[in-house]
Amino acid sequence: MTTQAEKAAAFASLHVKGDPVVLFNIWDAGSAKAVQEAGAKALATGSASVAAAQGYTDGEKVPLDAVLANLRRIAASVDLPLTLDFEGGYAREPEAVAKNVLQVMEAGAVGINFEDQVVGGEGLYPIEEQAARIAAIRRAAEGRGIPFFINARTDIFLKAPAATHSDDHVRQALERAAAYAEAGASGFFPAGVRDPRLIQALCDASPLPVNILVFADLPQPERLARLGVARISYGMSPYRHMMAVLKSATSEALTLQS
């Protein structure tokens, strides 16, 4: 059987600039099995989807124990590498974050999304503080002998209207990418960027493979590949799609009943 360390290495190898891994985000064991059976190479939860499926709002509102229990159920039901959208790590201090991430590893994940916005607060963590948080996670993973994939997300673009995104936002993002890479991050996730020119600028200069989040007005995956993207995530859109299908089917069934 493939070990967790082998799965982590396999997951990292999927992040190829110009040949992106596609992650159609899941929220529970059932959705994980469906996505695996459809031919996915890896699995990734979306925090908003997991929260909605359990009756919570996003933003670390799902209790950590429930997040871990859900993760364990997913990991036990599939064979693919699995990464968790862990938001801000459910703590602020580096060692507390690392302790929480160790539980994520024990539950079966080979990586996390780890964002730099202050969950439940205002703005972003200072670069030095977020880098220290990433470094603590990396030390914890090395202590377990797992090449854990830390997908360092910056919310610079999400915090600004898309119409205002600029070269200055790219500069700020790349400053964070460099610091996060030095701290031990594995990938860089500038969530919310949509302009093809800015995406290419990020991919050209980032020291880490770049992850792009899908929006309706985003270029098609083929073009994202040409821009240098290494990972494409669908976020909450799969959950929204499934809920729309469920509502439609329910409405049809109720109409037939009446």
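Computed from a prediction, not measured in an experiment: that's the story for all the values here. Hydrogens, waters and symmetry mates are skipped; everything else that's a heavy atom, side chains included, is used.
- Counting only distance, with no hydrogens or angles, the side chain of S13 and the backbone of A10 share a donor-acceptor pair below 3.5 Å.
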Which atom pairs, donor and acceptor, lie under 3.5 Å between side-chain atoms of residues 117-126 and protein residues at least two apart or in another chain?
residue, atom, partner, partner atom, Å
Q117, OE1, K159, NZ, 3.1
Q117, NE2, E115, OE2, 3.0
Q117, NE2, D155, OD2, 3.0

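- Judged purely by atom type and a 3.5 angstrom limit, S248 has no side-chain atom pairing as donor or acceptor with the backbone of A244.
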Checking L213 against R153 for the side-chain contact (heavy atoms from CB on, under 4.5 Å) test, could you report, in this order, the C-alpha distance in whole Å, the side-chain angles of both residues, the deciding distance, and whether it holds? CA-CA 11 Å; L213 179 63; R153 174 178 134 176; over 6 Å; no

side-chain contact (heavy atoms from CB on, under 4.5 Å) for R226 and R223? Distances and angles first, verdict last. CA-CA 5 Å; R226 292 196 297 272; R223 188 176 181 198; 3.6 Å; yes

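- With rounding to the nearest 0.5 Å, the separation of CG in L208 from CG in L174 is 10.5 Å.
- Considering only residues two or more places apart in sequence or on other chains, T154 meets the side-chain hydrogen bond (donor to acceptor under 3.5 Å, both in side chains) condition with D116.
- Annotation: F86 is not in aromatic contact with F114 [ring centroid separation under 6.0 Å not met].
- Separating the CD1 atom in I212 from the SG atom in C203 is a distance of 6.0 Å, to the nearest 0.5 Å.
- By the ring pair (Phe, Tyr, Trp, His ring centres under 6.0 Å) test, F189 pairs with no residue at all, sequence neighbours left out.
- Cluster membership check: M236 does not share its hydrophobic cluster with L158, using side-chain heavy-atom separations under 4.5 Å among Ile, Leu, Val, Met, Phe, Trp and Tyr.
- Not a single donor-acceptor pair under 3.5 Å links the side chain of T45 to the backbone N or O of S47.
- The residues D79 and K7 are annotated as not salt-bridged, no charged nitrogen and carboxylate oxygen being separated by less than 4.0 angstrom.
- Hydrophobic cluster membership differs between L82 and Y239, with clusters built from Ile, Leu, Val, Met, Phe, Trp and Tyr side chains linked at under 4.5 angstrom.
- Panel note: side chain H165, backbone V193; no donor-acceptor pair is recorded below 3.5 Å.
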Go through F157 and V170 one step at a time and tell me if the side-chain contact (heavy atoms from CB on, under 4.5 Å) criterion holds. CA-CA 9 Å; F157 294 95; V170 171; 4.2 Å; yes

Using distance only, find each side-chain donor-acceptor pair of residues 103-110 under 3.5 Å and give its atom names and separation, not counting sequence neighbours.
residue, atom, partner, partner atom, Å
E106, OE2, R144, NH1, 3.3
E106, OE2, R144, NH2, 3.2

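- Atom CZ of R176 sits about 9.5 Å away from atom CD1 of I134, to the nearest 0.5 Å.
- Linking ILVMFWY residues whenever their side-chain heavy atoms come closer than 4.5 Å, directly or via other members, places V97 and I146 in the same cluster.
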Could you give me the CA-CA distance, side-chain angles and deciding distance for Y56 and V50, then say whether side-chain contact (heavy atoms from CB on, under 4.5 Å) is met? CA-CA 8 Å; Y56 294 91; V50 170; over 6 Å; no

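- The two residues R231 and S233 have their closest heavy-atom pair at NE-OG, 4.1 Å.
- Between the side chain of N25 and the backbone N or O of G235 there is at least one donor-acceptor pair closer than 3.5 Å.
- Cluster membership check: I232 shares its hydrophobic cluster with I112, using side-chain heavy-atom separations under 4.5 Å among Ile, Leu, Val, Met, Phe, Trp and Tyr.
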Distance-only donor-acceptor hits, side chain of residues 26-35, under 3.5 Å, sequence neighbours excluded:
residue, atom, partner, partner atom, Å
D28, OD1, G30, N, 3.3
D28, OD1, S31, N, 2.8
D28, OD1, S31, OG, 2.9
S31, OG, W27, N, 3.0
S31, OG, D28, N, 3.0
S31, OG, D28, O, 3.0

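- Proximity of D167 to R171: side-chain heavy atoms (C-beta onward) are nowhere separated by under 4.5 Å.
- Between the CG atom in D168 and the CG atom in L198 there is a gap of 11.0 Å [rounded to 0.5 Å].
- For the 3.5 Å distance criterion, the side chains of Q130 and R133 qualify, holding a donor opposite an acceptor.
- Counting only heavy atoms from C-beta outward, the side chains of V101 and Y90 never approach each other to under 4.5 Å.
- For the atom pair CG of L224 and CD1 of I199, the computed distance is 5.5 Å after rounding to the nearest 0.5 Å.
- Taking every heavy atom of both residues into account, P94 and A136 meet most closely at O-CB, 3.4 Å.
- F11 pairs by the ring pair (Phe, Tyr, Trp, His ring centres under 6.0 Å) definition with H15, F149, not counting sequence neighbours.
- Shown here for Y180 and A131, the closest heavy-atom pair between the two residues is CE2-N, 4.2 Å.
- No path of Ile, Leu, Val, Met, Phe, Trp and Tyr side chains, each step under 4.5 Å between heavy atoms, connects V229 with L14, placing them in separate hydrophobic clusters.
- Under 3.5 Å, the side chains of S186 and R138 contain a donor-acceptor pair of N or O atoms.
- Interatomic distance, CG of N100 versus CG of L68, reported as 8.0 Å (0.5 Å rounding).
- Tested against L43, the residues T83, L80, L84 include a single side chain to side chain contact (heavy atoms under 4.5 Å, CB included) partner, L80.
- With Q36 contributing its side chain and V78 its backbone, the two residues share no donor-acceptor pair below 3.5 Å.
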